Participant: 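Have a look at this one before I ask anything.
Source: prediction; values computed, not measured. In what follows, every chain begins at residue 1, and chains take the letters A, B, ... in the order their sequences are listed.
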Number of protein chains: 2
Amino acid sequence: MKNDPFRASFESLEEFADMVSEVLHCPITIEDANHRLLAYSTHDDRTDPARIATIIGRRVPEKVINSLWKEGVIPSLLNSRDPIRVKTVDEIGLGNRVAVSIWKNDEVLGFIWALEIEKTLGEEEMDCLKRAADATKNKLIQLQNRKNKKEEQFQEFFWQLLTSHLSSNEEIINKFHALQISPPTLFGIAVFQFTKELGRDDEKHIAYLLKTIQLPKILLHTIDHQQLILFISLDGTQQPVNKLNAFCELFVAKMKERFGIESIVQGYSSVYCDLVKVEKAYKEAGTVLSIKRKFPIEAKDIHGYQSLGIYKYIDVLIEKAGTDQNENYSLKRLQEYDKKNNTDLVETLEVFLNKDSNVHEAACALNVHTNTLNYRLKRISEIGEINLKDPNQKITLYLDLKLEKFK
Amino acid sequence: MKNDPFRASFESLEEFADMVSEVLHCPITIEDANHRLLAYSTHDDRTDPARIATIIGRRVPEKVINSLWKEGVIPSLLNSRDPIRVKTVDEIGLGNRVAVSIWKNDEVLGFIWALEIEKTLGEEEMDCLKRAADATKNKLIQLQNRKNKKEEQFQEFFWQLLTSHLSSNEEIINKFHALQISPPTLFGIAVFQFTKELGRDDEKHIAYLLKTIQLPKILLHTIDHQQLILFISLDGTQQPVNKLNAFCELFVAKMKERFGIESIVQGYSSVYCDLVKVEKAYKEAGTVLSIKRKFPIEAKDIHGYQSLGIYKYIDVLIEKAGTDQNENYSLKRLQEYDKKNNTDLVETLEVFLNKDSNVHEAACALNVHTNTLNYRLKRISEIGEINLKDPNQKITLYLDLKLEKFK
DNA sequence: GAACGTTTTGTGTAAATCCACAAATAGAAT
DNA sequence: ATTCTATTTGTGGATTTACACAAAACGTTC
């Protein structure tokens with residue numbers, strides 16, 4: 001075995017990257033397990049767009065990560081200690097390169113990338129890269145320790161926010177600065193409910209995903225039994241609520257796609273500026289989850305506290321309806337008619353209302369001709385003595401229909 | 001003065017009617033103050049459709065009464081003790097005739113009608129008719145006294161119903177029969193709130209109107225301070241609620257038109273079969289009135305408990321919204337935008353929702369082009385992050401808009 | 001099986017909606 | 001005054017609605 005150039009100690013990861021670059025005659029990039037840039041070689045100025053974007057953004061761009069997952073590159077790196085060759089993917093500006101993962105026992109700490117510009121690495125050089133990966137291990141462990149300590153501080157701070165332990169806005173902002181996070185001017189809290197207690201592996205998966213999804217920015221996150229709680233900055237977003245919603249759906253989709261974790265129930269709060277309202281926001285997300293538990297079908301596609309809509313009021317409505325015990329006359333009449341004549345007027349009405357009074361859509365949903373639906377609606381308004389152009393009446397019917405389901 | 005044939009005493013009003021008929025050589029009809037048939041001559045079989053209908057129905061048909069009011073005939077009869085000539089009104093089958101009112105002091109007790117078929121009454125015969133009217137006075141006073149006693153029994157029974165003094169359905173039905181009213185299988189309670197304490201004159205006006213409006217049937221009525229309370233039978237009506245509503249509006253319109261009594265606030269209950277529920281119905285009508293007091297503009301056109309719609313729930317909603325103190329994010333954003341840019345997005349949204357999402361109507365109401373409204377709606381959904389096709393979101397906005405008005 | 005009422009589907013038309021695009025207007029910032 | 005942006009209004013065209021009327025299908029009753 002020839003002399004190993006990486007045995008020598010080195011001051012910084014940058015220095016080490018340059019050294020590897022010189023030995024292999026190609027640009028080198030070192031990332032942590034979450035694809036954040038740790039170091040890159042500078043002596044060689046040949047590069048490709050993906051690498052430039054990585055260096056500029058201090059992280060691998062999300063679309064590049066997505067592509068590498070789809071191509072199976074990252075799964076392979078997570079499974080094998082040997083270098084892997086990645087072929088050019090033009091759409092994302094990724095040139096030919098070789099990658100190797102950095103291991104500590106059974107855990108991947110990071111990756112080394114070597115760009116194959118103008119030359120291709122031979123077997124010996126691949127082996128050399130593998131040894132380089134081994135040599136960075138200790139350095140990465142140190143980094144991780146430092147990060148873990150910081151992570152603990154984050155955790156503590158987040159729980160202080162969630163329990164309103166910090167009462168003044170100023171105090172909170174100072175703490176943010178102390179942790180070197182710029183405090184958001186607009187934020188939301190999201191909670192994801194898993195089907196089982198979250199273990200160390202899940203935590204890593206989650207952390208990985210949160211780090212690689214680049215927008216919106218997850219400033220803080222923590223895990224509480226079966227729940228993942230996120231503190232999300234929405235600064236600079238045009239439509240914060242929509243953004244938040246899109247993120248939550250994306251997160252759930254990726255968890256399933258990448259790690260096969262299913263049945264995650266999601267809920268997120270209103271959007272706030274006032275940092276004192278973190279606890280309120282946290283409770284709102286909890287409310288969403290609890291309503292989803294009660295009304296799994298109806299609230300299936302509702303994730304945000306904003307969009308809870310009438311369900312926000314449903315408990316008091318149920319209570320009120322219970323004490324007054326007044327049935328809706330129109331519904332009663334329709335139900336009687338349905339029973340007597342074997343028709344589906346009540347169901348028709350409900351679908352029609354669910355579809356926002358759109359005859360076309362409702363007819364499709366019911367698998368009937370639009371004229372049929374129109375005929376039924378005419379009958380409904382006759383029998384139930386309903387004016388289907390009066391929003392107040394329609395809303396009442398909508399509410400009473402929903403209420404009836406949960407009696 | 002020549003000998004007065006009406007001085008002689010007579011057994012019954014029928015006998016008297018025949019006598020007058022023979023003297024004047026024309027058919028005679030005698031009515032009470034509420035246009036109920038008291039007697040009619042039978043010796044002369046010439047007649048007209050209006051008279052036939054009156055005799056068949058034991059009362060003057062409603063449309064004939066309406067016509068006589070419009071023509072000013074009834075007002076004149078109520079003002080003057082002299083006979084009045086009425087010209088043919090073909091549409092309602094009314095031939096030429098002469099009428100005179102029957103007086104006791106300053107009060108009209110009834111009317112005598114003489115049909116002018118093939119002949120016209122001369123001055124002397126007109127005078128004769130006037131004397132005939134005077135001669136019926138005592139007979140009518142007796143009738144009235146008997147009726148007053150019955151009226152008192154009705155009053156007592158009605159209040160027993162209103163206060164749930166009678167607890168079993170059977171007991172109530174027996175009482176109905178005892179008072180010679182056939183118990184309704186479907187009924188409602190209506191309450192009319194006047195602006196002042198109701199005096200004897202008002203009572204008479206009301207009684208008159210109730211007796212002359214023929215459908216639906218007012219089985220019982222009573223007056224309580226500023227309120228008129230009605231027990232209305234809805235038997236045999238296809239659309240009881242709509243019928244009830246139409247009646248209430250008609251009553252208020254007629255009170256204004258005929259007696260100049262304005263600002264009546266109306267409220268009516270749900271429709272019930274169970275006679276034990278009269279008190280509940282009475283309370284419902286009261287609830288409508290109290291909500292109209294709180295929301296005079298919004299609930300202006302709502303009279304029925306059924307159609308209260310969301311206002312039925314508004315108190316608990318206000319309470320809930322108060323304790324939670326969560327503003328609607330979308331509305332907040334829109335309000336901010338309105339303030340900043342001097343626009344009317346919130347108002348636009350409200351009108352749009354009030355008009356049941358009908359672009360055309362809403363645009364008219366706002367006095368803008370439909371395209372303008374469409375543009376605004378697009379902006380509204382962008383700025384408020386609202387999906388205007390989601391009924392749940394729209395309902396929430398509607399509710400929150402209404403709630404905001406009463407904070 | 002004939003007669004009946006109710007429901008469903010098809011046809012046609014005037015009106016309304018949705019959309020994109022262009023022009024005119026108004027207000028604010030520079 | 002000019003530029004810029006947001007708003008309002010106009011035009012046109014494909015789609016959808018509302019409504020009326022006719023024909024077909026279905027279930028019930030006799």
Participant: Rounded to whole Å, how long is the line connecting atom NZ of A:K378 with atom P of D:dT17?
Facilitator: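 Atom NZ in A:K378 sits about 18 Å away from atom P in D:dT17.
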Participant: Can a side-chain donor-acceptor contact be found between A:E385 and A:Y329 if the only test is distance below 3.5 angstrom?
Facilitator: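 A:E385 and A:Y329 do have a side-chain donor-acceptor pair below 3.5 Å.
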Participant: Rounded to the nearest angstrom, tell me the gap between atom CG in A:N342 and atom P in D:dA25.
Facilitator: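 That distance rounds to 21 Å.
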Participant: Is A:R379 near enough to C:dT7 that one of its side-chain N or O atoms lies under 4.0 angstrom from OP1 or OP2?
Facilitator: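 So the side chain of A:R379 is within the cut-off, an N or O lying under 4.0 Å from OP1 or OP2 of C:dT7.
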Participant: Identify whether any heavy atom of B:N341 sits under 4.0 Å from a base atom; if not, whether one sits that close to sugar-phosphate; answer base, sugar-phosphate or nothing.
Facilitator: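 Nothing, no heavy atom under 4.0 Å.
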Participant: Hey, which of these two, A:I383 or A:H369, hits DNA chain C nearer its 5' end, going by closest nucleotide?
Facilitator: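 Its nearest nucleotide lies further toward 5', so the answer is A:I383.
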Participant: Between the side chains of A:E350 and A:K402, is the shortest nitrogen-to-carboxylate-oxygen separation below 4.0 Å, so that they form an ion pair?
Facilitator: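 Yes.
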Participant: When you match B:D344 and B:N371 each to their closest nucleotide on DNA chain D, which lands nearer the 5' end?
Facilitator: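 Here B:D344 is the residue nearer the 5' end.
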Participant: Touch check for A:T343, heavy atoms < 4.0 angstrom, all strands: base, sugar-phosphate only, or nothing?
Facilitator: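 Contact class for A:T343: sugar-phosphate only.
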Participant: Any side-chain donor-acceptor pair under 3.5 Å between B:H360 and B:K355?
Facilitator: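 Absent: no donor and acceptor within the cut-off.
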Participant: A:Y375 side chain N/O closer than 4.0 Å to the phosphate oxygens (OP1, OP2) of D:dC21?
Facilitator: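 False: A:Y375 side-chain N/O out of range (4.0 Å or more) of D:dC21 OP1/OP2.
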Participant: Separation of A:R376 atom CZ from C:dT8 atom C1', in whole Å?
Facilitator: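 Computing the A:R376:CZ to C:dT8:C1' distance gives 9 Å.
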Participant: B:D356 CG to C:dT17 P: how many Å, rounded?
Facilitator: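 Value for this atom pair: 12 Å.
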Participant: So which nucleotide from D:dT7, C:dC18, D:dT17 ends up closest to the side chain of A:H360?
Facilitator: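 Of all the options, the side chain of A:H360 is nearest to D:dT17.
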Participant: Which part of the nucleic acid, if any, lies within reach of A:N358 when heavy atoms closer than 4.0 Å are counted: base, sugar-phosphate only, or nothing?
Facilitator: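 Sugar-phosphate, backbone atoms only, no base.
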Participant: B:K339 NZ to D:dA6 C1': how many Å, rounded?
Facilitator: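 For the pair B:K339 NZ and D:dA6 C1', the rounded distance is 21 Å.
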Participant: Starting at CG of B:N374 and ending at C1' of D:dT7, how long is that distance when rounded to a whole Å?
Facilitator: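 Whole-Å distance recorded here is 14 Å.
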Participant: With A:E336, which of A:K340, A:R333, A:K339 fulfils side-chain contact (heavy atoms from CB on, under 4.5 Å)?
Facilitator: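 For A:E336, the side-chain contact (heavy atoms from CB on, under 4.5 Å) check succeeds only for A:R333.
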Participant: B:L373 has an atom CG; how far is it from atom P of D:dG10, in whole Å?
Facilitator: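 Atom-to-atom, B:L373 to D:dG10, this comes out as 14 Å.
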